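Working notes, beginning with the structure itself.
Just so it is clear: chains get the letters A, B, ... in the order the sequence lines come, proteins before strands, and each one is counted from 1. Treat the numbers as computed from the prediction; the structure is a model and nothing was measured. Below, all heavy atoms of this structure are taken into account, side chains as well, without hydrogens, waters or symmetry copies.
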Amino acid sequence: MKKSSKYIFYTLILFSTFLPACQKFLSDAPQSSLTSGNAYNSASDIENALAGCYNIFYTDYYQWENVMISDNRSDNAYPGGGGEDTFVNIDQFNVPPSNSHDYGFWWGQPYEGIARCNILLDKIGAVTDPKLDLNDRRKEVIGEASFLRAFHYYQLVKTFGGVPLELQSNTADPAVTRKARSTETEVYDQIVKDLQVAVDDLPDSFGEASVDKVRATKGAANALLAKIWAQRSDRDYAKVLAYCNAVINSPAGYVLEPDYANLFDGANYINNEAILLIPFIEGSPASNWGVELYLAPEDGWQKYCVPSKDLVDAYKAEGDAIRLKSNVIFMNNIPWADETWSPCGNPEDTVPFNYKQKHPAGWASGDNYYLLRMGDIVTLKAEAQNELGDLDGAKTTLNLVRKRVNLSDVVAATKEEMRTKILHERRLELAFEAQRWDDLVRAGVATDVMTALTEYKYTCNDGTPSAPIPIIYNCTHDKWLMPIPQAEIDANPNLVQNPGYGM
Amino acid sequence: MKKKQDRDCSVHPGTFRKLLLIMKLTILITFLTVMQAFGSVYSQNTRLSLSVEDKPMREVFKLIEKESNFRFFYNDEFNELNKRINIDVNEEKIDDILTAILDNSEVTYKILENNVVVITPLAEPLPQQGTVKGKVTDASTGEPIAGVNIVVEGTATGTMTGADGSFTINVPGPQSVLVFSFIGMTTQKVLTGGQQVINVSLKSDLALLEEVVVTGYGTQKKKDVTGAIAVISAKELDARPAMQFGNALEGKAAGIQVIRSSGQPQAGFSIKIRGTSSITSGSDPLYIVDGVQTYNVSEINPADIESFTVLKDASSAAIYGSSGANGVVLITTKRGRNQKTQVNFSTSMMTSQAWKRLKVLNSSQFFDLANDLGLAPVDKNYYDANTNWQDEVFRTALTQNYQMSVQGGNEKTDFYLSGSVVNQQGIVLNNSVKRATFKVNLDHKVSDIFKVGTSIAYDKWSDVSVTENDRNGVITRLLTAVPFIGIWDKTYPDQYAVNPYIPDLENPVSTVYQPDQIYEHNRFHGNAWAELSILKNLKFKSLLGLEHSNGIFTSFQNPTQTSYGRSMDGLAAESHDDYNYWVSENTLNYYQNFGDNSISLLGGFIASRESDRGLYISSHGFGGSTAITTVTAGTVQSVPEVSIYDKSHAAFIGRLNYSYKDKYLFTSNFRADGSGQFSSENRWGYFPSFSAGWRISKESFFENVKAINDLKIRAGWGLVGNDRANPYAWYGLVNPALYITGGSIVNAYVPGTLENSALKWEKTGQFNIGVDISFLDSRITVNADYYQKKTSDLLLYVPIPASVGIPGNVALQNAGSLENKGFEFQISSRNFVRGDFTWNTDFNINFNKNKVLDIVGTVIHSGAINPAGTTYNLSIVKEGQPLGLFYGYISDGVDPATGMIKYRDLDTSGDISDADKTIIGNANPDFTYGLTNSFAYKNFTLDLFLQGVQGNDIFDATRILSESMRLAMNQSATVLERWKNPGDITSMPRALKDDVTNSEPSTRYIENGSYLRVKSLTLAYNLPKTILQRIKIARLQVYVTTENLLTFTKYSGFDPEVSAFNASNQDNTSKNTAPGVDYGTYPQSRDVIIGLNVTF
């Protein structure tokens, strides 16, 4: 027994030495990820976190879903894609609250972008690295993040109306996260607040065009301010005009590029017209897969966002060959039957494609997307001038855009007529740039335009197209907004559904 | 033959004995030589003369004493000294004289330095060889038992009985003890006592009451067990030749549900013990192989398994604390015994086929449908095929299986050595698995107090998989690929033919081969241990266990053959995974009997760590070339993804077993478990358990109850934990990403998860009450258990509003609770035990009810499928309801006026919207059951295993694709009944292009999933001894087995064993909450196996 107690004693000693070692042994810490505890310490951490805020532009929403809920939803395009129901539903105003794109992409991804900005804005205060304050970099970072947060909230508010204002993104506590919807005005006010920070803190230029065009600048903040003051219900065209002029007069030197085609040829993205764009490099991990969804029929599967007859006719009626050629490509020998352009799939049928980006490059395109460019701001300025009663000024401004595509000066006798002309001009100028739906809503004509639209699809009977089958655009004022996703309402019972979506 | 075999088998041990003898003699001779050298100083050369006639030896010694100064010492009781001798010597040396006297006697002599002569017996009396013959029979039936292991105690000599129960063995002498042992029988020892013939009848230990079962960190007599455990022994495993270990467990024990997620041979099994006790955390049991955990159970060679112990309730699993919440499966592999070396060889061949085909439209029927859909016509002269894709893709698959093992040992060292090769084809083209295993188990007794041992397994696995459970999977494409195309394109013969309407819709043969998906895995799994008996009743054991595995998955999409491959210009991907696990277990075991009290104590410290490193790389753009198919050759490289994780655990364990007079039994476990998964504030979980048993049959008042042989009531409660969340779950993870600035790619950080330092153990408290009865001479045993388990502090991915902006829109929290209640019943009966014929039946049935008590007021949608652009969640989790509910519309059939499905307007809003969706089905069975009947007649045995589930629904989401009639895809032949004209009364709606209305998830796709299956039927024949003698082997068995011979079900799909979301690539939430979905699930096959087992 004496011997055994000695053993037991030694064993206990052994075990007790384990105890303190135990805590250390059990401290598993991530190695292939950073943590919220260690990712935000230095100036370069903050730069990386800021790049992470921009990285949201590489998600589905910004690579193509925004085009689908704007151009496909409006009169610019058919869904294509072989009748995938989500896109048919967008096209025909039948999106149910359970739609997963509504939840994951249109609602979820802008909020994910907002969260990245929230976290950065939250963490930056505690960073003491002196490098962060060299040349007031800290202020610029705050400006960039504020701009991006505003940009994402703008996407949300125009898609859904008033949304919950999340400015923290740091807890899962239901008491905090289950926020009620703010009003549209409250959301826009927050956007204005963030953009004011951006205007105040951001430079006109970071000193290099290839940086200026892909980062938030004072010009970008002014451009977005112009857009939101036009888009909000309580719009203020004086402000729109002022912010447009701030962009036009910016020391950054924004001008309309003389050649429209150059904007979209894939080789000239860093130009004087671009205010903000999403950069991609062909064949790199930062390439654009979205283009393959519109183009490259040779890979055999039916493409999305097929230009509508109405759009093609609009270009043709206007004699707008340059912009038609830049935005739409017609092809034969398409390996499928398109229910509007080629119902019987005859090889000689001509089918148009969205040609805004031209180089699919096998899902790895280097084609960039413009988020803000002068074509938009100049036409918006014309709109503001017109709304403020300056018809002549509006015409002069609008003619800048028309002139560069060899179109004659605009003819409009009244403000109302001019309003229609501007709306039309923006359609031709900005097709497939996710602008058209917002324009229709802003002009208050979305329901009228969509219900007046006469589009047909066809089936094929024994080799000949059937009689035209009218496409029913089930658009009502309620459908101007997308439904609050059902999954979001499940997770946040404080949300109230938009009218017209069953609840 | 027997004789030859015995001689063969005693060669090694016999040689060993001889060697020992030689060694002993050498030592003795050396000793004597040295002694003699000393002795010679005095009288070595003294010469004596002596003449005696017929006198006892002792008197001769006395004579010598008188004549010289030598003195003799001996034990007066030596009989040998009375031996009468004659000697006549003249002036001889003492040595020569003694040699002459002692010649042929059993004594020897030593001359010590003072001229003392010591007479001692010969050290080793030469053994007297003898042969014992006999027969071993079953005490209850009188039937001979084949395969009984017989060893001479304390030696390595051993043999086995032949088919007629007879044996022949050489024994050293009359004191030899023969040990007869056979699984399921009480071991018997017989003193040979010089008998030539020994007949033994072994008592069948029907209830296996004395059986020792492996429990956590030790063993226990089954009769003393107070928790709910199930044991599946080698004998039961033998009755069903298994390619994979899951087969062996299937339907064999109550409360254990074996789920086959797919019929792909590599798909494996997942096991649920007593229902699903988690929602978003893992719910597989903990697998412990020879004391070391593993996840790769499908790589275990089933032939190496000696037994399974399944710890079902918390009172038995609590010793495993962490992850014990889902039950624990202890797998014990075969070890050597002190026995004659035994060589086993077995081989089998299996053919597998799809047991059911589904009817689809042929070309002309499809063209009719195409017309109804208003599709553009295709050139029927060009598209002239009428392909039945099921004929092209399903095949008669062939599987070969070879096993070899050698098992043996002696009193100090035991070994088991095995190797196996399995080459299995799936019933779908190209789908296959190859597995090779190697195993060594070795035990050595260094001394009476010190033992060491090791178990080592090495497996090599490679498989080719096909895509399933997907709208683009091979099984869905069997039904939806158009029939009018062939395999290859007519115009471009290097391309697979596609559906001309939807040109990216490949045919199923292309799906089988493209992408080419190969997985290779190597695994080392083993342990080494040492056990020291500090005192007679106190043992210290230390075990070090390791698992190391690495897996490589490669896939390559040909740049030419498929449309996806062409659009990507070839696509290669490769992932590597390197997994390491080690565990160190140190335990002290103490037991003591005080009169009627017996007590045993266990205490220990355990530390373990698993770590994993994964790498994923991919590229595309192969320039049309297939010369190099590795990622390196792609021109567009993706960013490599590296993931690293560690999971560390440390635990202190303790156990007390107490019993009084074998009547009152008590067990208590305690485990303090520290997990690196949680922040330092919440790292430790404490898991106690208590259970008690009362063996009523041991009470004096029960003595007169002759009908009942054994009756025990058990009850227990325990708490177990679960920490199986994603690695680093409590941290707020920030992941690397990128963006472009200034024309070049820069680093970016993106937040991935929210930090939650309050995260802690998920806990399951479980109460169990059970009864074990055996009666009618133990011919019938019944075990019944009722349990109630409640899991609280669920590690739940609570849905958080997407407005928080955290990817996935969930945050892991300890929230909510879940309950499983159930009843298990198991009965074993020896129905017929007379003469040449025996018949045994085992039956088990389970009733489990699952209920979500609380998920913080939210609703979880799971089971996402995407048949045509829109994601549908087929399953829903709601408070107050069980897991596994289907969600959708209620279909009221087809409107004869419009041909559209009429959905029920539950909210009476006048139109159909999401608000009309409701619970439309329940995947949970009312009960599941298994029935095994074993018959033996002379040399034949027949095992029939039936298995079934009753009362469950299946969501046949495959039909959302195959009966949608909205896209230009082939459809099931059921659509021939479709609505065509107003007034048609039918259950099949109309064809309507691009309209999803009729194919929304609804009761239209809910089917009765009940089935009864003849899971396995085995007929085996053991060659009789007369033939065996001639061919000189111990045992030879041939058998034929069919798997899934018959299936009785109303389910219309390929197979009722479906679980699309149980596939290994699915997340835990879907696995736990979306059972019973068929979405192009690879069906189970019908197999025929012929096999041969030989023992030398």
Side-chain angles (χ1 to χ4, degrees), chain A residues 4 7 15 22 25-26 28 30-36 39 48-49 51-52 54-55 82-86 88 96-98 100 107-108 111-112 114-115 119 164 166 169 172 177 208 210-211 214 279 283 285-286 299-301 335-337 344-345 362 364 459-460 463 486 488 490-492 502, chain B residues 374-377 502-504 534-535 538 563 566-569 605 621 636 638-639 642-644 646 648 650 674 676 683 728 731-735 737-743 745-751 754-755 799-805 811 858-859 868-871 913-915 994 996:
Chain A
S4 76
Y7 278 115
F15 279 18
C22 238
F25 174 76
L26 289 172
D28 296 335
Q31 297 165 65
S32 49
S33 300
L34 296 154
T35 69
S36 51
N48 290 349
Y54 285 99
N55 167 276
E84 276 194 29
D85 53 359
T86 284
V88 175
S98 59
S100 57
W107 176 278
Y111 266 121
E112 201 178 327
I114 288 163
I119 291 167
E166 174 65 74
S169 302
T177 61
E208 197 186 322
S210 62
V211 177
V214 303
D299 69 14
W301 55 274
W336 59 81
C344 287
T459 58
C460 183
Q486 188 57 44
E488 186 73 350
D490 290 343
N492 178 2
Chain B
L375 298 177
I502 310 175
D504 60 327
I534 299 166
L535 289 173
L538 181 69
S563 87
R566 289 191 289 279
S567 79
M568 298 298 266
D569 187 16
F605 174 73
V636 183
S638 68
V639 178
V642 175
S643 68
I644 302 173
D646 286 316
S648 306
R683 198 156 277 163
Y728 311 120
Y731 285 99
L733 295 180
V734 177
N735 298 314
L738 45 83
Y739 186 62
I740 295 167
T741 296
I745 296 173
V746 298
N747 270 322
Y749 296 166
V750 297
L754 280 176
E755 181 180 309
I800 54 170
S803 57
V804 180
T858 176
V859 167
T870 291
T871 299
S913 71
D914 286 346
D994 295 346
V996 296

>> If you count heavy-atom pairs within less than 4.5 Å of chain B, which of A:Ser33, A:Pro279, A:Ser100, A:Gly362 leads?
In response: A:Pro279
>> If I measure from the heavy atoms of chain B, does A:Trp336 come under 4.5 Å with its side chain, its backbone, both, or neither?
In response: both
>> Tell me every residue that passes ring pair (Phe, Tyr, Trp, His ring centres under 6.0 Å) with B:Tyr739, counting only those two or more places apart in sequence or in another chain.
In response: A:Tyr54, A:Tyr58
>> Has A:Ser169 got a side-chain atom pairing as donor or acceptor with B:Val804's backbone, closer than 3.5 angstrom?
In response: yes
>> Heavy-atom pairs under 4.5 Å with chain A - which of B:Pro751, B:Gly742, B:Pro799 has more of them than the others?
In response: B:Gly742
> How far apart are the closest heavy atoms of A:Pro285 and B:Ser638, and which atoms are they?
Replying inline: CG-C, 4.3 Å
>> Distance check, rounded to the nearest 0.5 Å: A:Asp28 atom CG versus B:Tyr728 atom OH?
In response: 6.0 Å
> Would you say the side chain of A:Pro164 lies within less than 4.5 Å of the side chain of B:Pro801, judging by non-hydrogen atoms?
Replying inline: no
> Quick one: CG on B:Asn735 to CG on A:Leu34, what's the gap to the nearest 0.5 Å?
Replying inline: 8.5 Å
>> I'd like to know which of B:Val746, B:Ile740, B:Ile745, B:Leu733 tops the heavy-atom pair count under 4.5 Å against chain A.
In response: B:Ile740
> Taking only residues two or more places apart in sequence, or in another chain, which ones meet A:Ser32 in a side chain to side chain donor-acceptor pair (under 3.5 Å)?
Replying inline: none
>> Tell me which of these, B:Gly743, B:Ala811, B:Gly732, has more heavy-atom pairs under 4.5 Å with chain A than the rest.
In response: B:Gly732
> Checking A:Glu488 side chain against B:Ser803 main chain: does a donor-acceptor pair fall under 3.5 Å?
Replying inline: yes
> Non-hydrogen atoms of chain B under 4.5 Å away: do they reach the side chain of A:Ile114, the backbone, both or neither?
Replying inline: neither
> Side chain, backbone, both or neither: which part of B:Asp646 has an atom under 4.5 Å from a heavy atom of chain A?
Replying inline: both
>> What's the separation between atom OG1 in A:Thr35 and atom OH in B:Tyr731, rounded to the nearest 0.5 Å?
In response: 7.0 Å
>> For the interface with chain A, which of B:Met568, B:Arg566, B:Arg683 has the highest count of heavy-atom pairs at distances below 4.5 Å?
In response: B:Arg683
> So which of A:Ala115, A:Ser210, A:Cys344 has the largest heavy-atom pair count under 4.5 angstrom toward chain B?
Replying inline: A:Ser210
>> Tell me whether A:Asn55 contacts the main-chain N or O of B:Leu738 through its side chain, where contact means a donor paired with an acceptor under 3.5 Å.
In response: yes
> So which part of B:Leu375 gets closer than 4.5 Å to some heavy atom of chain A, the side chain, the backbone, both or neither?
Replying inline: backbone
> Of all of A:Gly345, A:Ala337, A:Ala364, A:Ala286, which one pairs up most often with chain B through heavy atoms under 4.5 Å apart?
Replying inline: A:Ala286
> Where do A:Leu26 and B:Ser648 come nearest, in terms of heavy atoms and distance?
Replying inline: CD2-O, 3.4 Å
